[in-house]
Amino acid sequence: MTAAVPTSTRAAVLRDFDQPLTIEEVPVPDLEPGALLIRVDCATVCGTDVHIQRGRLPAARLPLVAGHESTGTVIATNGRDRDAADRSVGIGDRIVFSYPWCGKCYWCTIARQPTLCESSRMYGWGPMTEGPGLTGTFSEIVYVRPDCQILRVPADLDPAVVASTTCALRSVMHGYERLTQSGPLLASDTVVVLGSGAVGLYASAVARRSGAANVVVFGAPEDRLDIGLAWGADRVADVTATTPEERRDIVLDLTAGRGADVVLDCAGPVAAFEEAMDLARRGGRVVEIGIGTTDAGTIHPYYLNIKMISVVGSVSGAIHHYHQALRFVESNGRHFDFTRLTTGGFSLDDVNQALAGVESQAHIKPHIQPSGL
Ligand SMILES: [Zn+2]
Ligand SMILES: [Zn+2]
């Protein structure tokens, strides 16, 4: 423990669905053994934050401190001095942290699928009235629970890019892990990515660096597809200006009429999953990363039987996915300008503007500097 830890902090609180966040003074909890406090250097905004604000996700419980993506500098620790990669961590080090997967339940241990942990309490989902309430990242200070895994972050990495890896890219890494459990990505593969938000663009970058023969990105708006092209996509198409049939023709043209070997759905709408099944070749593979709703869709079992498509899904990420995500941006900066994803530079007081920017698609990954760095 250190002295001079603030007793309260400014944080963006959601009290009613469909209402703006309010900046409030929130108490800083006492540190349990193994807990840390970070001063947030940068927090990024995710579509999920907008869905929570709008009341579309039933698991969110009010009131809550919003936000789940961040990187910050340790300002206090109660006995934790190593990160998950066994490196020393102390006051003044910048870290990222995973959700608090419990490490004890059936999913964490026997199934080894910690992101399905039933006792986890995800940051930014509330409620702030239970346990240590300061578990949202749109805040000057965040309480990192003892059951969160942590990783020290190289000091020279852009903090906004780092914050964006803690949701978008770690989810992509989990998706690729699930994909490659049924075999590697091959140098002959055509990979189609549906969606050109941060998840989709990161997925296209990983496909490119994994050696896929063709990388295709279908999304919108145009400026995001430009990033896809700059990051090496062979073909892109604007989903607001093309029909599913036109997009299918693009894929068939690249694959001698067979269809995509791998489709990663990073888009969100249920219709995109159906398109993914349509674009995959016979015997191809589909990875579902993007669906964030419980809305129903129609999928013909024909795809699984006669077309023999394999489908895997993944949600969130465990600490090794965070580690892979950080290593990816650290070692691929010469191939991709990751800062093109992170726009804005908002103060905590402008958090509602940042959320609105995600909703209107004016920003891909707006970043907030709660401490005004
Ligand atoms: Zn997120
Ligand atoms: Zn668990």
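Every number for a ligand or one of its atoms is a count from 1 in the order of the listing. Index from 1, following the sequence. Predicted model, so just to flag it, every value in this text is computed and none were measured.
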K.L.:
His363 vs Phe346 aromatic rings, parallel, tilted or perpendicular, using cut-offs 30° and 60°?
P.N.:
perpendicular
K.L.:
If you group Ile, Leu, Val, Met, Phe, Trp and Tyr by side-chain heavy-atom gaps below 4.5 Å, do Ile52 and Val50 land in one group?
P.N.:
yes
K.L.:
Classify the ring geometry between Tyr99 and Trp101 as parallel (under 30°), tilted (30 to 60°) or perpendicular (over 60°).
P.N.:
perpendicular
K.L.:
Under 2.8 Å from the Zn ion (ligand 1), how many protein N/O/S atoms do you get? Just the number, please.
P.N.:
4
K.L.:
Flag yes if Val262 and Val206 sit in one hydrophobic cluster, no otherwise; membership is Ile, Leu, Val, Met, Phe, Trp, Tyr, and two members link when side-chain heavy atoms are under 4.5 Å apart.
P.N.:
yes
K.L.:
Tell me whether Arg170 contacts the main-chain N or O of Tyr322 through its side chain, where contact means a donor paired with an acceptor under 3.5 Å.
P.N.:
no
K.L.:
Using 30° and 60° as the class boundaries, would you call the ring planes of Phe338 and Tyr202 parallel, tilted or perpendicular?
P.N.:
tilted
K.L.:
Just do the side-chain contact (heavy atoms from CB on, under 4.5 Å) check on Arg61 and Glu130 with the steps written out, would you?
P.N.:
CA-CA 10 Å; Arg61 291 164 63 203; Glu130 287 177 17; 2.7 Å; yes
K.L.:
Under 3.5 Å, is there a donor-acceptor pair between the Gln149 and Ser98 side chains?
P.N.:
no
K.L.:
Have a look around the Zn ion (ligand 2) and list protein N/O/S atoms under 2.8 Å, or say none.
P.N.:
Cys102 SG, Cys105 SG, Cys108 SG, Cys117 SG
K.L.:
Is it true that Arg208 and Asp234 make a salt bridge, defined as a side-chain N closer than 4.0 Å to a carboxylate O?
P.N.:
yes
